[in-house]
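Note on naming: letters A, B, ... go to the chains in the order of the sequence lines (proteins, then strands), and numbering restarts at 1 for each one.
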Amino acid sequence: MVRYNPKEVEPRWRAAWDEAEVFRAETGSPKPKYYVLEMFPYPSGSLHVGHARNYAMGDVVARFKRARGFNVLHPMGWDAFGLPAENAAAERGVDPAAWTWDNIARMREELKRLGLSIDWTRELATCDPAYYGHQQAWFLELLERGLVYRKEGLVNWDPVDMTVLANEQVIDGRGWRSGAVVERRKLTQWFLRITDYAEELLQGLAGLDRWPDKVRLMQENWIGKSQGLRLTFRFAGDGPAEGLCVYTTRPDTLYGASFLAVAPDHPLADSLAAADPAVAAFVAQVRKGGTSEAEIESAEKLGWDTGLRVLHPFDKTREIPVWIANFVLMDYGTGAIFGCPAHDQRDLDFARKYDLRVTPVVLPSGEDPILFHVKHEAYVGPGRIYNSEFLDGLEIEEAKAAAVARAEADGIGEGATVYRLRDWGVARQRGWGCPIPVIHCQTCGVVPTPPEQLPVRLPEGLDFSKPGNPLARHPTWKHAVCPACGGQAERETDTLDTFVDSSWYFARFPDPAAAMPIDAAAADYWLPVDQYIGGVEHAVLHLLYARFVTRALADEGMLTVREPFAGLFTQGMVTHETYRRQSGEWVEPGVVDIRSEGATRRAVITATGEPVQIGEAEKMSKSKRNVVAPADIADVYGVDAARLFVLSDSPPERDVQWTSTGVEGAWRLINRIWAEFDEGVTGAAGEIDDSATRELRRATHKAIKAVTESIEGFRFNSAVARLYEFVAAVRNARAAAVSPAARREALGVLARLVAPFAPHLAEECWRTLGESGLIALASWPQWEQALVEDDERLLPVQINGKRRGEVRAPAGASSEEVEKLVFGNAEIVQRLEGLTVRKVIVVTDRIVNVVAG
RNA sequence: GCCGCCGUAGCUCAGUGGUAGAGCGCAUCCUUGGUAAGGCUGAGGUCCGGAGUUCAAUCCUCCGCGGCGGCACCA
C-alpha cells in the first residue's frame with residue numbers, strides 16, 4: 001500500500017503541465033473553440049476558498065471541454081485598479097502600484113497552486129499601461145462618436161474623502177469607507193451614453209437563453225422600459241409660454257388629474273426660486289433630505305403650491321394647480337407629472353395631505369359608479385373608464401390608446417417610451433485608476449490626447465496621505481500643452497470608474513499583446529465567451545456595462561459580436577460558521593476546536609480551552625475573521641480535496657458552507673479512489689464471474705453518462721455524488737472475480753471522470769494504471785447505450801395511491817403483461833381481498849396503481 | 001411597496017406527478033498489520049401550514065406563514 005501524498009504528487013503534476021504547455025490556447029485551431037472565463041479577481045493579496053470555488057467551477061468546465069475535443073481558452077487577469085490600493089497607500093504610505101503588483105505576484109502563485117488549467121501566457125492587469133492605454137484609445141473613439149459626453153449632474157459626494165461615489169459605494173446614505181453622510185452635489189461629470197443602447201440591451205436579453213432568468217429579469221427591471229404619453233399643458237394666465245411637459249404611463253386617467261407637480265430641481269422650480277426666496281427655501285429644505293433607505297421610506301411627501309395654473313388638455317374649462325413636490329424625480333421622464341390621486345398611491349398620499357381633489361376615473365367591475373370611492377388606498381386594478389368624457393366605457397388599455405391618439409391629433413403630445421436606465425457616470429476623483437485622456441484648454445476647450453501620446457500614464461510618487469484626488473494635487477502632472485493650439489493647458493485629473501476596466505477585458509484576452517485594443521481576427525475567433533462564471537452581485541452593473549461596451553466597440557468596428565457572454569453562470573458564496581468569545585471578539589476557525597457531545601456541538605479555543613459561541617454561517621469576511629484560505633487546506637489535504645469539497649456539498653448556484661468535516665469527507669473520497677488504483681487491476685482469484693463483471697461494466701457506463709450530463713448541466717455537486725457511488729461500485733466489485741479488462745475499464749473511466757475535479761489525483765491514478773500520456777490531454781470516455789439501460793424494472797404497485805408491493809417486469813413491458821404480473825402476485829392479491837378492482841393504471845417502466853373499493 | 005428565490009433527517013443540502021435520498025453528526029459493532037485510520041450495521045422525516053387539480057401531490061395551482069436577495073417615490 002502506497003499512501004497518497006498530495007504534498008508530493010500535486011506540485012509534480014503541475015510542473016508536468018507547465019512543461020508540456022497543455023493549457024495553451026491556440027487561436028485559429030481547426031477544433032471547435034470554447035472560451036470559458038471566470039470574472040477576474042481584484043488582487044487583494046490573498047485568496048480565499050470563495051475564489052477557489054469560482055475558479056474550480058470554470059476549471060471543471062475547461063478541463064471537461066478540452067477532453068471533449070474543444071480548443072479551450074481559459075485565461076486569467078487582474079481587476080487591479082481601485083480603492084483598496086489607495087487605502088493601503090493612505091494608511092501605510094506604500095506605493096499603490098507596488099502594493100498591487102506584489103499582491104498580484106502572491107495571488108498568482110496561490111491560484112497556480114490550485115492546479116487550474118489556465119493559459120497564463122495571456123495574463124493581463126488593468127493597472128498596466130499596456131492595458132489601460134488601449135482603454136484610453138477606445139475611450140477617445142467613443143468621445144469622437146458622441147458616446148462620451150460631459151454634463152452637470154447630481155452625484156453622490158463624499159465630503160470626507162472628497163470624491164464622487166458610485167451608488168453601490170453609498171451604504172445607508174454614508175460613504176462606505178469614510179462613514180460620512182453623502183451629499184447630493186451638482187458636478188460636471190463624464191458620462192457614457194449607455195441609454196442610446198437601452199432598447200437593444202433590453203431586446204438582447206431575450207436571446208441570452210443560457211443566462212439565469214433571475215439575472216435577465218434584474219437587467220430588465222434595471223433598464224425599466226415604460227410606454228406612455230408625453231403631454232404639454234398650457235398655462236392659464238401666468239407661466240412660461242411653452243407650457244409644462246409631463247410624462248405619464250396612465251394617459252387613461254387624465255380626467256382624474258387634480259394637480260401637476262415638478263421636481264424641486266426642475267427648471268420651472270429653479271426660475272420660481274430665483275424670484276421668490278420662500279420657494280428657494282422650500283427647495284433647499286427638500287433637497288437636504290437624506291438618501292438612506294429609512295429616510296426615503298419614511299420621507300413625508302412635501303409640496304409647494306406655485307400658484308400657477310394649467311388648463312386641462314381635453315377640457316379647457318378646468319384649471320389644475322401646479323406644485324413643486326419632493327417625490328418627483330428630475331432625471332426620469334420630464335421631471336414633471338400630473339397627479340391622479342384616485343389611481344396612484346403616491347399622488348393619493350400627496351392629495352390627502354394637501355387636500356386636493358380625488359376623482360376616480362377607473363371603475364372596478366361590479367362597483368356602483370355612484371357609491372365607489374377612493375379613501376386611503378389608490379385603486380390600481382383593472383376596470384372601465386368613467387367620469388372621463390370621450391374615454392367613458394373603455395377598458396384601460398383602450399383608453400390609453402385613445403388618449404394618446406387624441407393628444408397627438410391635437411398636437412399637444414405624443415406617445416413616448418421612457419427608460420429607467422441612466423447614462424453611466426464614469427469619472428472618479430481618484431489617483432489609482434485609468435486617467436481620462438483629455439486635455440482642457442482655455443481656448444480650445446476639451447481636446448483629446450493625440451493617439452501617439454497614449455498611454456497617458458499615471459505619475460509615480462502620488463501623495464495619498466490627504467483626502468481628495470492626488471492627481472489634481474500633483475505638482476507637475478496635469479500641466480500639458482494643448483494639442484490643438486499649442487498653448488498652456490491642463491490634463492483631466494479624473495480617472496475612470498473601474499467598471500470601465502472590466503467592461504472589455506474579455507475581448508483583450510484573445511490577443512493580449514495586440515497593438516490595437518482588440519485584435520479583430522483573434523476576437524472574432526474566440527468571442528463570445530461561451531461560459532462566463534461569477535458572482536450574482538454583478539448581475540446588473542458589470543454585466544450590463546460589458547454588454548453595452550461590447551456594442552459600442554462593435555459599432556466602432558472593433559468587434560463583430562454584440563453580445564459578449566453567450567452563457568452565464570452565477571455561483572453562490574462560500575460561507576463559514578463564525579466564532580465569538582464572551583468578550584464579543586471574533587475568533588478565526590483555525591484556533592477553534594469543535595467538540596461533539598452527543599447531538600450538540602461546542603467550541604473552545606484549542607490553546608486555552610476557553611469556550612466560544614458558535615454563530616451562523618456567514619459570508620467569509622475579514623471583519624468576522626471567518627476566512628479560510630485554500631493554502632491552509634492544501635497544506636493538510638492537498639488542493640484536490642479543497643476543489644472537490646467546494647463543488648460537492650451544494651448546487652453551484654447556491655451558497656456552500658465550508659466545514660472542516662466536509663473537507664475531510666472529500667479527503668476520504670480521494671483516498672478511497674487512490675486505494676482502488678493502488679490495488680491494481682487484478683481481481684479476486686478464481687473463475688471469472690460474468691454477472692459481477694457485467695454489473696461493473698454497467699456501473700461504469702452509467703457513471704460516464706451521469707457525470708457527463710451533470711457537468712453539462714452545471715450540477716457539479718451531483719457529478720461528485722455520482723463519483724462517490726461509482727467508487728463504491730468499483731470497490732464492491734473487488735470482492736468478486738471480475739474480469740481484469742472490466743476492472744481496467746472501470747479504473748480508466750474513474751480517473752478520467754475525476755480529472756476535472758481533482759486533476760492531480762487523476763494524473764497520478766492514470767500513470768499508476770500504466771498510461772504514458774497526461775490525463776489532461778486524454779479524451780473523455782463514451783458510454784455504451786446498451787449498458788446504461790436496465791432490461792428489468794422494479795415497479796412499485798400502489799393500491800388507491802398507497803404503495804402496497806412491487807413486481808419485477810421486463811423493461812418496456814405492456815400494460816397487459818404488467819397487469820398479469822400484478823394479479824399473479826400473492827401479496828397484492830391478498831391486499832385486494834374483498835375489494836372490487838375498478839381501474840388499473842400502468843405507467844410503463846415506472847409504477848402501477850390499482851384503484852379498488 | 002414591487003419583483004424573484006428558498007422552506008425535505010440533528011446540521012448542510014440533493015431529488016422526484018408514482019419505493020423519500022447523500023455528506024457530516026449520532027448510536028452499535030468489527031478491525032488495530034491499509035492506522036495522520038478504515039469498515040459493517042442502525043436510529044432518525046406531519047418533505048413549512050391550508051385548500052384545490054389528479055387514480056396518485058413533497059413535486060402542479062391558489063391562499064397563508066417564515067427566511068433570503070434585487071429594485072425602490074421611476075409617474
> Answer yes if the ring centres of A/F716 and A/F714 are under 6.0 angstrom apart, and no otherwise.
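When the ring centroids of A/F716 and A/F714 are compared, they turn out to be within the sub-6.0 Å range.
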
> Given the P atoms of B/G21 and B/U16, what is the spacing between them in whole Å?
15 Å

> How many Å lie between CH2 on A/W211 and C1' on B/G4, as a whole number?
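Whole-Å distance recorded here is 17 Å.
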
> Look through every strand shown and name the nucleotide pairing with B/C2 as Watson-Crick or G-U wobble, where both distances are under 3.5 Å.
B/G70

> Please confirm whether the shortest side-chain N or O distance from A/S718 to OP1 or OP2 of B/G15 is below 4.0 Å.
no

> Applying a 4.0 Å non-hydrogen cut-off, can you work out what A/V328 is touching in the nucleic acid: base, sugar-phosphate, or nothing?
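Base, at least one base heavy atom under 4.0 Å.
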
> Any base atoms under 4.0 Å from A/R715, or only sugar-phosphate, or nothing? Heavy atoms, all strands.
nothing

> Pick base, sugar-phosphate or nothing for A/I841, based on heavy-atom distances below 4.0 Å to the nucleic acid.
base

> Without decimals, in angstroms, what is the distance between A/Y419 OH and B/A75 P?
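For the pair A/Y419 OH and B/A75 P, the rounded distance is 13 Å.
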
> Determine whether A/R352 and A/V358 make a side-chain contact, defined as any pair of heavy atoms from C-beta on separated by less than 4.5 Å.
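In contact.
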
> Just checking A/K353: does its NZ atom have more than 12 heavy atoms from other residues, nucleotides or ligands closer to it than 6.0 angstrom?
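Atom NZ in A/K353 is crowded, with more than 12 foreign heavy atoms closer than 6.0 Å.
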
> Is the CD atom of A/E8 crowded by more than 12 outside heavy atoms at less than 6.0 Å?
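It does: A/E8 CD has more than 12 such atoms within range.
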
> Given atom CZ of A/F338 and atom P of B/A75, what is their separation to the nearest angstrom?
12 Å

> May I ask you to evaluate whether A/R672 reaches the phosphate of B/G38, defined as a side-chain N or O under 4.0 Å from OP1 or OP2?
no

> Within a 6.0 Å radius of atom NZ on A/K214, are there more than 12 heavy atoms belonging to other residues, nucleotides or ligands?
no

> For the C1' atoms, the ones on B/U53 and on B/U61, what distance do you get once it is rounded to whole angstrom?
7 Å

> For A/E653 and B/A14, what is the distance between atoms CD and C1' respectively, to the nearest whole Å?
11 Å

> Which whole-number value in Å describes the distance from A/K214 NZ to B/G69 C1'?
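In whole Å, B/G69 C1' and A/K214 NZ are 6 Å from each other.
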
> How far, in whole Å, is B/G23 from B/G66 if one measures between their P atoms?
35 Å

> Counting Watson-Crick and G-U wobble pairs only, both distances under 3.5 Å, name the nucleotide matched with B/U58, or none.
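Its partner is none (no Watson-Crick or G-U wobble pair with both distances under 3.5 Å).
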
> Separation of A/D213 atom CG from B/G70 atom C1', in whole Å?
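Checked: the CG to C1' distance equals 15 Å.
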
> Reckon A/Y332 has a side-chain N or O less than 4.0 Å from the OP1 or OP2 of B/A75?
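Yes, within the criterion.
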
> In whole Å, I'd like the distance from the CD atom of A/Q571 to the P atom of B/G69.
17 Å

> Reckon A/R668 has a side-chain N or O less than 4.0 Å from the OP1 or OP2 of B/C24?
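Looking at the OP1 and OP2 atoms of B/C24, one of them is under 4.0 Å from a side-chain N or O of A/R668.
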
> For nucleotides B/G34 and B/A27, find the distance between their P atoms and express it as a whole number of Å.
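Here B/G34 and B/A27 have their P atoms 26 Å from each other.
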
> Expressed as a whole number of angstroms, how long is the span from A/Q219:CD to B/G70:P?
15 Å

> Quick check on ring pair (Phe, Tyr, Trp, His ring centres under 6.0 Å): which of A/Y354, A/F338, A/F282, A/W304 does A/W323 satisfy it with?
A/Y354

